[in-house]
Each structure stands twice: as C-alpha cells, then as structure tokens.
2 protein chains.
Amino acid sequence: MKVVSLKPATNDNASAHAQVYEALSEDLIQGQIPPLKPLSLRGIAQRYGVSPMPVREAVRRLIAEKALELQAENKRLRVPHLTEHRLKQLTMARCWVEPELAAMAAPRMARDDIKRLRDDDATLMRALKSGDVSAYMQANHDFHFTIYRAADADLLCGMARSLWLQSGPFMRVVFGRLGTVQLPKDHHQDMIAAFEAGNADAARASMAEDIGEGMNLMLDAIGDHDLPQPKRRGRG
Amino acid sequence: MKVVSLKPATNDNASAHAQVYEALSEDLIQGQIPPLKPLSLRGIAQRYGVSPMPVREAVRRLIAEKALELQAENKRLRVPHLTEHRLKQLTMARCWVEPELAAMAAPRMARDDIKRLRDDDATLMRALKSGDVSAYMQANHDFHFTIYRAADADLLCGMARSLWLQSGPFMRVVFGRLGTVQLPKDHHQDMIAAFEAGNADAARASMAEDIGEGMNLMLDAIGDHDLPQPKRRGRG
DNA sequence: GGTGTCTAATTGTGATCACAAAGCGCTTAA
DNA sequence: TTAAGCGCTTTGTGATCACAATTAGACACC
C-alpha cells in the first residue's frame, strides 16, 4: 500500500480523523474501493501515515453512514455489498431527497453556481468521450452536489451524501462493466435550463429522471450479470 | 453523576461502545437529554463506568447521525439545537420515509405485531392520562418502530431511527411545555385498522397524518414560545 | 497428495498517557 | 461594582500498549 499524503493542502488545520474521513469518503464515492473489499484499521492508518486512533473515529462514522460495515460474525471491516433489496431502498431514498434538493436550489442558484454546473458537465462529457470512469464519476458527483449545496438544507444534503457513499463502490463496478459509452444520456442540460429559468418544478422533474435512469441501470446490472453476490462462495 | 449499569441484561456480549451507543440513543430518543446540553467524553465514560475510549466511538457515530454535535468554534460536545430550518427538513424527511415504511409493513404485519401495536397504544393512552411524558414518548417510539421493523427495510428503518434521534430532545421540550393533555389525537387506531385490513395505502395515509400533526406541533412551538433559540444559525 | 493441527500474525477493542486549546474561578486593579 | 489578568482544570485529540478472537500458513501425519 502506498502512503498517500492525505491532501494536507485542502485542510491543514482539520483534525486527523476528519482528514481520514474525507479521504475515505472521496475514495468510496468515486468507487475507488470495490464492494466486499476487506479493510483494516491499521492498514488504513499506515496508508495515510497516522496512528490507528483517528482511523477508528473516521471508520466509525462511515459505518454509521453505512458506507462501511463490520461483519457480524467476523467483526472485520469491509465495504458492504449492495444487494438488490438495499439498492431498491437506496433508489427510493435518492428519489425522495435529491429531486427536492434540486427544487429547493432552483431559486437560490447564483450565476456562479450555474457556471460551475456548465464546467462540471463539460468535464463530464470529456470523461465520457475518453472513457475515463473515474473522471466521469468525479464530475457527476461535483455536478450534483453543486446543486445540493445551493439548496441550503444541510440535513437533506447530508442524507444525499450518505446515499452517494453507499452507492459509489457499486456504481463504479457497474460503470466499469458497461463502459462509459453505454451510459444513458443524463439530464444535466435540462437541469441547467431549469436553473437558469429559476423553475423549481422543472429542476425537480429532471433530477428525478436523472436519478431514476441511473439507478435503473444499476438495478438491471444486479439481475443480468453475476456480480459478486454474497452467496456461499468462499472466494476472496 | 450517577453511574448506571449500561443495561447489561439487554446485551451482555455486545462491545462496550455499542452498549454506550444504545444507552445514549435511548436517552436521546426519549428526550432525556435536553437540547444544547453540554456533554463530555469523560463524563459519559464515568457515568457508564467505562473508559473514554468506547465513548469516543459511540459519540462519533451519534455525531454522524446528527444526534450530537461538536461545536465548530469550541470543539465541545453537546446536543444540537433544533432550529426552524432544520425542523422543516426533519419534517420533510420523516414524511418521506415513515409513511412509506408503514405501507411496506402493511402486507407483512403478523398477528403478533398487531397485538404489540395494541399493547403499545394502550401504554401510550395510560401515559397520556397520567401525564407521564417519558412513558408517552417511549410508547410512541415503540409503536412506530414496531411498524418500521416489520417493513423489512433496514436502510430506511435506519434513516427513520436517525430522524427520531434528532427530534427526540426537542420533542421532549415541546411536550413538556404543552403537557400530555394538549397533544393532538394520534392516528394509531387508524393505522391498526389499516394493518388488520392489510391496506398499505391506508397505513401510509394515516402515518403521514400522524407525523404531519406531530411535527406541526413542534413547528408551532418554535414560533410561539421563546424556546432556547440560538440567535442566528448563520455560518461565519 | 490430501487433511488435520498447531503456531504465528493480524484483527478489532479497550485502557492509559500526553498534549494543546478552551473554559472556569479567583484575584486584583480601576 | 466592574472588568481585565492569570493559573488551574477540563476538554477533545492522538499515540501507544495490552488482550482476546480470528485468520492464514506451515508443518506433520495418514
């Protein structure tokens, strides 16, 4: 494992556990850590060059957000697997929270915010063309959370973040299999138009479609491909 | 501070941090710990007769669920205050999650579950008559989560639990001021009837009304009474 | 060669110590 | 009486050690 620098540039004064949390969160949201990947406190600590202590707090928080799990039998740490059952719940929750956040953001989007949306979408399109899954997921995340942050609803925004943390690793697996070419057309342009018009209902509607299609893709993937399902298989 | 026994009867073999988490959760959901109450890791540790270590993990989890907060300027631990802004978000989220959980539970409620609902409701009515706010909140919680657990949707149920954790302390303040007599008629009988009929739509509807009225009570309380309101929730 | 057993390493958990920062209480001066 | 100064205490944070449980790997045996 390579020792990474914990991006000290982003937040020098933040506590170590917060930095570890941010680093792990980003990796999870971008799907850098695959589902069922076993982790260990000491491993993460070594990777980030800190003691196991702050890792314990960061991991405990991620477990609370269901972005990580402690296996009941083992007490061992890993990235949870996304069953169809849980994916459906995730989809429901995302369809409640995120369209509403878009609607709340609509009357509050400043010119700069909309400009950032255009930039994020441009980055996203470039990533799509070049087939860079990581860059695509990063840009997609930035696009959505530029909107959610503008909604001025910390609680709901936190819920959305938790939902993304949970779907990130699995989303990466699916996108990695399909390739960026097969990804469904997103509704980002519709959203931008809605925000320029200050039309909350239109923003909500296009966000709902965007999420619905994306999650349907993952639901299909669970059925069609034999993705690593936690059967009785003893392979790690 | 009295040292309490951490209810070892409930889960002897569970780890200490899990027991501390359970104990704190229960206190928060029942509103035993008022908003803005300052806490300390060592204080909690002493109270439960453990070292500060497991407390740190339990508290970190509760912070992730926004049931506790670390003041940004102080880095000091306390129960968050519920502003009108956050209460509105809580209400929205509860109105999304919990009625749906009721609908999902409707076709799955066993005879025993419905019997438990009747028992919980009876306990609740007794508490209402005797004016016992603690018992009322406990019974109300049991009633709702008997339903949510039956929905077989761990993720959504966890979301509901987090929302209750956040509203518990404030709810207690409001109910304490109003007294149990002024509490609006709940819709528990309607729900029980819906579950007996296996009518998911009716269950969803009565749950929505139950939550809506309860939260409206709290919204009114924020405006009418001068509850301990921090001047401004602005950042910076 | 396959199988069981035993040892050594790794894991999460808990306790204890050290430290900087912030709060608290007392004192003191205007 | 009030407000500022100062030392002690408490706070969260991080590191290190100890321990039981589990795992993985080597070894011996059939």
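Proteins come first, then strands; the chains are lettered A, B, ... in the order of their sequence lines, and each starts at number 1. Just so it is clear, the structure is predicted and the values come from calculations on it, not from any experiment.
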Please tabulate, one pair per line, each protein N/O and nucleotide N/O from nucleotides 23-25 of chain D that are separated by under 3.5 Å, including the distance.
{"residue": "D:dT23", "atom": "OP1", "partner": "A:Asn74", "partner atom": "OD1", "Å": "2.8"}

Check side chain to side chain donor-acceptor pair (under 3.5 Å) between A:Glu65 and all other residues, then give those that pass, not counting sequence neighbours.
A:Tyr21
The criterion is side chain to side chain donor-acceptor pair (under 3.5 Å); which residues satisfy it with A:Glu69, sequence neighbours excluded?
A:Arg78
Listed partners of A:Arg61 passing salt bridge (charged side-chain N to carboxylate O under 4.0 Å, His left out), at least two apart
none
Quick one: list whatever passes side-chain contact (heavy atoms from CB on, under 4.5 Å) with [X], sequence neighbours left out.
X        : value
B:Ala106 : B:Phe195, B:Ala200, B:Ala203
B:Thr146 : B:Arg116, B:Leu117, B:Asp120, B:Arg149
B:Asp119 : B:Lys115
B:Asn74  : B:Gln71, B:Arg76

If each of B:Leu41 and A:Arg42 is mapped to the nucleotide of DNA chain D with the nearest heavy atom, which maps nearer the 5' terminus, i.e. the 5' end?
B:Leu41
Between P on D:dT22 and CZ on A:Arg78, what's the gap in Å once rounded to a whole number?
16 Å
Counted 5' to 3', the first and last nucleotides of DNA chain C within 4.0 Å (strictly under) of a heavy-atom of chain B are C:dT13 to C:dG23
Going by ring pair (Phe, Tyr, Trp, His ring centres under 6.0 Å), name the residues that satisfy it together with A:Tyr148, two or more places apart in sequence or in a different chain.
A:His144, A:Phe145
Got a sec, which pairs hit salt bridge (Lys or Arg N to Asp or Glu O under 4.0 Å) with one end in residues 99-109 of chain A, sequence neighbours left out?
A:Glu100-A:Arg204, A:Arg108-A:Asp152
Would you check if the side chain of B:Asp113 reaches a backbone N or O of B:Ala110 as a donor-acceptor pair within less than 3.5 Å?
yes
Ordered by number, residues from residues 53-60 of chain A within less than 4.0 Å of DNA chain C (heavy atoms) are A:Arg56, A:Arg60
Considering heavy-atom distances to DNA chain C, does B:Glu73 or A:Leu77 have its closest nucleotide positioned more toward the 5' end?
A:Leu77
With sugar-phosphate meaning primed atoms plus P, OP1 and OP2, does B:Ile63 contact a base, only sugar-phosphate, or nothing at under 4.0 Å between heavy atoms?
nothing
